[in-house]
Engineer: 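This is the structure I have questions about; it appears just below.
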Amino acid sequence: MQDEPTPTELTKSVADFLRNDITPLISGHQAFKLRVAINILDLVTRQLTLAEGSDAKEVERLRALLGMDGSVGDLNGALAERIAKCDVDLTTPGLAAHLWQTTMDKLAVDQPNYASYKRELSRGE
């Protein structure tokens, strides 16, 4: 569907509605389950917003490292195989930077409030 609202806008709207309008009305175990649902919607929103761009950049880095083409899954499999065979290691140019950036991109989606992630982001500024 190409019309408005976008999937990102929809999931954010539902999360905001639950957070602002429903959360104050319930308590106990139901409130806990609601917070879990809101966290899931927030995660999906971040995934819709960030994952495509970070996946594309990951593929670019993997292509440069491995000298081959493929999907993100295939390229990660090839990288894991080369690491297991000791064909590449942290002294391989670009590998450490790739692993670091991939980790940071995944944390941006999964755990953006993680203290260590926030600290590392502030170092880059």
Engineer: Rounded at 0.5 Å granularity, tell me how far NZ in Lys106 sits from CD in Gln101.
Structural biologist: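 Reported value, rounded in 0.5 Å steps: 11.5 Å.
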Engineer: For the residue pair Thr23 and Ile38, establish whether any side-chain heavy-atom pair is separated by less than 4.5 Å.
Structural biologist: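 Result yes, sub-4.5 Å side-chain heavy-atom pair found.
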Engineer: Quick check: do Met104 and Tyr117 have side-chain heavy atoms less than 4.5 Å from each other?
Structural biologist: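 Yes, their side chains come closer than 4.5 Å.
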Engineer: Looking only at heavy atoms, which two atoms of Pro5 and Glu9 are closest? And how far apart?
Structural biologist: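 That would be CA-OE1, 3.2 Å.
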Engineer: What heavy-atom pair brings Val109 and Leu43 nearest, and what distance separates the two atoms?
Structural biologist: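 Shortest heavy-atom contact: O-CD1, 3.2 Å.
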Engineer: Looking only at heavy atoms, which two atoms of Ala78 and Met68 are closest? And how far apart?
Structural biologist: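 Heavy atoms only, the tightest pair is CB-SD, 3.9 Å.
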Engineer: Hey, any chance Phe17 and Ile40 share a hydrophobic cluster, counting ILVMFWY side chains that come within less than 4.5 Å of each other, even indirectly?
Structural biologist: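 They do not share one cluster, since no chain of ILVMFWY contacts under 4.5 Å joins Phe17 to Ile40.
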Engineer: When rounded to the nearest 0.5 angstrom, what distance separates OG1 in Thr6 from CG in Leu48?
Structural biologist: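 One finds 8.0 Å between OG1 of Thr6 and CG of Leu48.
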Engineer: Does any part of the side chain of Leu66, heavy atoms only, come nearer than 4.5 Å to the side chain of Leu75, both counted from C-beta?
Structural biologist: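 The answer is yes, as the side chains (C-beta and beyond) meet within the 4.5 Å cut-off.
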Engineer: Any chance you could measure Asn39, atom CG, to Asp42, atom CG, to the nearest 0.5 Å?
Structural biologist: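 Going from CG on Asn39 over to CG on Asp42, the span is 6.0 Å.
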Engineer: Could you tell me whether the side chain of Val88 reaches within less than 4.5 Å of the side chain of Leu65, counting heavy atoms only?
Structural biologist: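 Side chain of Leu65 against side chain of Val88, heavy atoms only: no contact under 4.5 Å found.
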Engineer: Do Leu50 and Leu107 share a hydrophobic cluster (ILVMFWY, side-chain heavy atoms under 4.5 Å, transitive)?
Structural biologist: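 No: no chain of side-chain contacts under 4.5 Å links Leu50 to Leu107.
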Engineer: Give me the atom names and distance for the closest heavy-atom approach of Gly70 to Val59.
Structural biologist: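 For Gly70 versus Val59, the nearest heavy atoms are O-CG1, 4.1 Å.
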Engineer: Working to the nearest 0.5 angstrom, can you tell me the gap between Leu95 CG and Leu79 CG?
Structural biologist: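 Reported to 0.5 Å precision, the distance equals 6.0 Å.
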Engineer: Please lay out, stage by stage, how Asp16 and Ser13 fare under the test side-chain hydrogen bond (donor to acceptor under 3.5 Å, both in side chains).
Structural biologist: CA-CA 5 Å; Asp16 289 345; Ser13 293; 5.9 Å; no
Engineer: Quick one: do Lys57 and Glu60 satisfy salt bridge (charged side-chain N to carboxylate O under 4.0 Å, His left out)? Show the steps, please.
Structural biologist: CA-CA 5 Å; Lys57 290 175 186 171; Glu60 286 178 28; over 6 Å; no
Engineer: Would you say Thr11 and Thr45 are linked by a side-chain donor-acceptor pair, where the criterion is simply a distance under 3.5 Å?
Structural biologist: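 Yes, because at least one side-chain N or O of Thr45 sits under 3.5 Å from a partner of the opposite role on Thr11.
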Engineer: Do the side chains of Val72 and Leu99 join up, straight or via other hydrophobic residues, at under 4.5 Å, putting them in one cluster?
Structural biologist: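 The answer is yes; both residues are in one hydrophobic cluster.
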Engineer: So, are Arg46 and Asp110 salt-bridged, with charged N and O less than 4.0 Å apart?
Structural biologist: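 Between Asp110 and Arg46 there is no salt bridge, as every charged N stays at least 4.0 Å from the carboxylate O atoms.
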Engineer: With hydrophobic residues grouped by side-chain heavy-atom distances under 4.5 Å, do Leu41 and Leu34 end up in a single group?
Structural biologist: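 Result: yes, single cluster for both.
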Engineer: Hey, are the side chains of Leu10 and Val14 touching, using non-hydrogen atoms and a 4.5 Å cut-off?
Structural biologist: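 Leu10 does not reach Val14 side chain to side chain.
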Engineer: Ignoring hydrogens and angles, state whether a donor on the side chain of Glu58 or Asn76 is under 3.5 Å from an acceptor on the partner side chain.
Structural biologist: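 A pair is found: one side chain offers a donor N or O, the other an acceptor, under 3.5 Å apart.
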Engineer: Could you verify whether a donor N or O on one side chain and an acceptor N or O on the other, from Arg61 and Thr102, lie under 3.5 Å apart?
Structural biologist: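 Thr102 and Arg61 do have a side-chain donor-acceptor pair below 3.5 Å.
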